[in-house]
Amino acid sequence: MRKLCPNFDREDGLETVLEVPIPDEFFASTGTNSAIICQNMHKWIKNHSMAKLATQTNVGRNAELHLLLNVVGSPLIPLQVQLDHPVRYTLKDCSIEASTAKYIVQQYIAAVGGQQALSAVHSMAVMGEVKMSASEFRPGDESVRMKGGGEIGGFVLWQKNPNLWYLELVVSGFKVSAGSDGKVTWRQLATQQSHATKGPPRPLRRFLQGLDPRATANLFSDAVCIGEKTIKNEDCFILKLDVSPTTLKARSSNNFEIIHHTIWGYFSQRSGLLIQFEDSHLVRMSARGEDIFWETSMESIIDDYRYVDAINVAHSGTTTVTLFRYGAGSANHKRRMEETWKIEEVDFNVWGLSMDSFLPPADLKREQDNEQVIG
């Protein structure tokens, strides 16, 4: 991935460090013409030019990229995860399924480096590249196929205990920022106002895709073991976690109800590592007296585990998303989206990360300040 940008004004000028690295594939697709490469890179970096791209002919593609960035690029996990506390087990009054799950999580902790190594982590930084693609909406009984060659991009991600994180993801010149300052979780597209999520701060789903073993261990510490399954020739235990009705209600509103949200983790019986991560949720949206249901299922295949500072981290994988829409006044339709991701760099215990690194956007902060004054 390219981390430096040429000086467009002076050929002998110093190169600029990019906020979000650009995948090498971007340069391969532009050929060898230096003028075209510089022109395309300039468009990539100037994300605020997105507003100029929103012409009638580009509205469809803009909406497509917005959907990919939101649904595939920056989804959240529905539960809080305590990263600054080691996983503790209480087997008293536990069912066989729950106690088996706790034993599997213990094996996972050993496989990724051990509790001592995980407890020594207080922050992390990640840089990676992605390739995203999507299908058209199709009737529910038709097969769904991806269209086009996909959109390429890169991301940087910072995290600090206990609930601080920040993501910048750029795909084909479109950018999404998301983060948590420990009090609120937010998301912002480059051309839109920032948006705060309902309920307490939550972690980014990307952390659970083999990036942060602490988050995975803490999340599944309250799961139950429901059986076994073979994935990629690996015999795996299946751990399941249902989000409580109280948590779902805190994230719902009058016209928006999360009916259920379930999470599954598939842990290799041979290595103890997380091989696949899934979650599915059903949402009811009410408009003009009619209910429309959206069911979203996400499946991440996790691969290429490598040790970084004594911690075993996944360095590649594929996430597939299926959207299914049905209900009164809405024909049954489904759509499929996919992201292939690769991690270029991972660093733990990054010095210099302060609260300023995780502040929400200015417009969101003004809203919070006004609410405090009114309150």
Side-chain angles (χ1 to χ4, degrees), residues 1-3 18-29 44 64-77 112 124-135 146 148-159 165-179 187 189 203-216 219 231-232 263-266 273-279 296-308 311-323 336-348:
M1 299 186 74
R2 303 286 182 94
K3 304 178 185 178
L18 297 172
E19 290 186 4
V20 180
I22 300 176
D24 291 325
E25 185 178 348
F26 171 82
F27 299 94
S29 63
W44 181 286
E64 181 90 349
L65 285 167
H66 287 174
L67 182 67
L68 284 170
L69 291 173
N70 278 318
V71 176
V72 187
S74 56
L76 305 177
I77 288 298
V112 295
M124 67 183 299
V126 181
M127 180 184 78
E129 61 182 78
V130 298
K131 185 173 183 179
M132 298 181 179
S133 57
S135 71
M146 296 298 178
E151 310 283 353
I152 60 173
F155 69 91
V156 288
L157 177 60
W158 295 270
Q159 182 274 329
W165 60 267
Y166 179 70
L167 167 75
E168 284 191 354
L169 170 64
V170 179
V171 175
S172 296
F174 284 66
K175 178 180 176 180
V176 63
S177 302
R187 182 188 289 119
L189 289 163
L204 193 68
R205 188 184 190 276
R206 200 172 291 274
F207 285 119
L208 280 299
Q209 296 170 190
L211 270 184
D212 190 349
R214 301 169 304 160
T216 301
L219 179 69
I231 298 175
K232 295 176 61 178
I263 300 170
W264 297 268
Y266 298 81
L273 297 172
L274 178 67
I275 302 298
Q276 183 169 306
F277 180 74
E278 292 181 17
D279 72 303
T296 305
S297 300
M298 302 187 70
E299 175 186 294
S300 296
I301 299 294
I302 302 166
D303 205 358
D304 192 16
Y305 276 90
R306 291 182 241 159
Y307 279 95
V308 178
I311 296 177
N312 210 358
V313 177
H315 280 69
S316 67
T318 301
T319 296
T320 303
V321 182
T322 302
L323 293 179
R336 189 165 173 256
M337 291 173 277
E338 185 175 284
E339 177 195 81
T340 301
W341 47 272
K342 180 181 178 182
I343 304 302
E344 293 289 335
E345 292 184 11
V346 180
D347 291 301
F348 293 104

Are Val171 and Leu68 packed together at the side-chain level, in the sense that at least one heavy-atom pair is separated by less than 4.5 angstrom?
no
Identify whether the distance between the nearest side-chain nitrogen and carboxylate oxygen of Glu129 and Lys131 falls below 4.0 Å.
no
Looking at every heavy atom in both Met132 and Gly73, which two are closest together, and how far apart are they?
CE-CA, 3.7 Å
Taking side chain to side chain donor-acceptor pair (under 3.5 Å) as the definition, give me every residue that meets it alongside Arg206, ordered by chain and number, with sequence neighbours left out.
Glu339
When rounded to the nearest 0.5 angstrom, what distance separates OG1 in Thr216 from CG in Leu274?
5.5 Å
Partners of Asp303 by side chain to side chain donor-acceptor pair (under 3.5 Å), sequence neighbours excluded?
Lys232
To the nearest 0.5 Å, tell me how far Phe277 CZ sits from Ile302 CD1.
7.5 Å
Atom of Val156, atom of Met127 and distance for their closest heavy-atom approach:
CG1-CG, 4.2 Å
What's the spacing between Ile343 CD1 and Gln209 CD if we round to 0.5 Å?
8.5 Å
Taken to the nearest 0.5 Å, the spacing of Leu219 CG from Phe207 CZ works out to 13.5 Å
Can you see which heavy atom on Gly150 is nearest to which on Ser133, and at what distance?
CA-CB, 4.0 Å
For Ser177, give me all partners under side-chain contact (heavy atoms from CB on, under 4.5 Å), at least two apart in sequence or on another chain.
Tyr166, Glu168, Lys175, Trp186
Do you know the tightest heavy-atom contact between Trp158 and Ala125?
CD1-CB, 3.9 Å
From CE (Met298) to OG1 (Thr322), nearest 0.5 Å:
10.0 Å
Side chain to side chain contact (heavy atoms under 4.5 Å, CB included) assessment of Phe174 paired with Leu189
CA-CA 8 Å; Phe174 284 66; Leu189 289 163; over 6 Å; no
Taking all non-hydrogen atoms of both residues into account, name the closest pair between Val308 and Phe348 and its distance.
O-CE1, 3.5 Å
Flag the pair Tyr266 / Glu278 as yes when at least one side-chain heavy-atom distance between them is below 4.5 Å, and no otherwise.
yes
What pairs with Leu273 under side-chain contact (heavy atoms from CB on, under 4.5 Å), at least two apart in sequence or on another chain?
Ala111, Val112, Ser271, Tyr305, Asn312
For Ser297, the side chain to side chain donor-acceptor pair (under 3.5 Å) test, sequence neighbours excluded, returns Ser280
Trace of the side chain to side chain contact (heavy atoms under 4.5 Å, CB included) decision for Arg306 with Val313:
CA-CA 5 Å; Arg306 291 182 241 159; Val313 177; over 6 Å; no
Test your reading of the model: is there a side-chain donor-acceptor pair from Arg187 to the backbone of Ser74, 3.5 Å cut-off?
yes
Which distance, rounded to the nearest 0.5 Å, do you find between the CG of Leu204 and the CD1 of Ile77?
8.5 Å
Take Val71 and Met337, measure what side chain to side chain contact (heavy atoms under 4.5 Å, CB included) needs, and give me the verdict at the end.
CA-CA 9 Å; Val71 176; Met337 291 173 277; 3.7 Å; yes
Please name the pair of heavy atoms, one in Thr318 and one in Trp341, separated by the smallest distance, quoted to 0.1 Å.
N-NE1, 3.7 Å
Please enumerate all residues that pass side chain to side chain donor-acceptor pair (under 3.5 Å) together with Ser300, with sequence neighbours excluded.
Arg205, Thr319
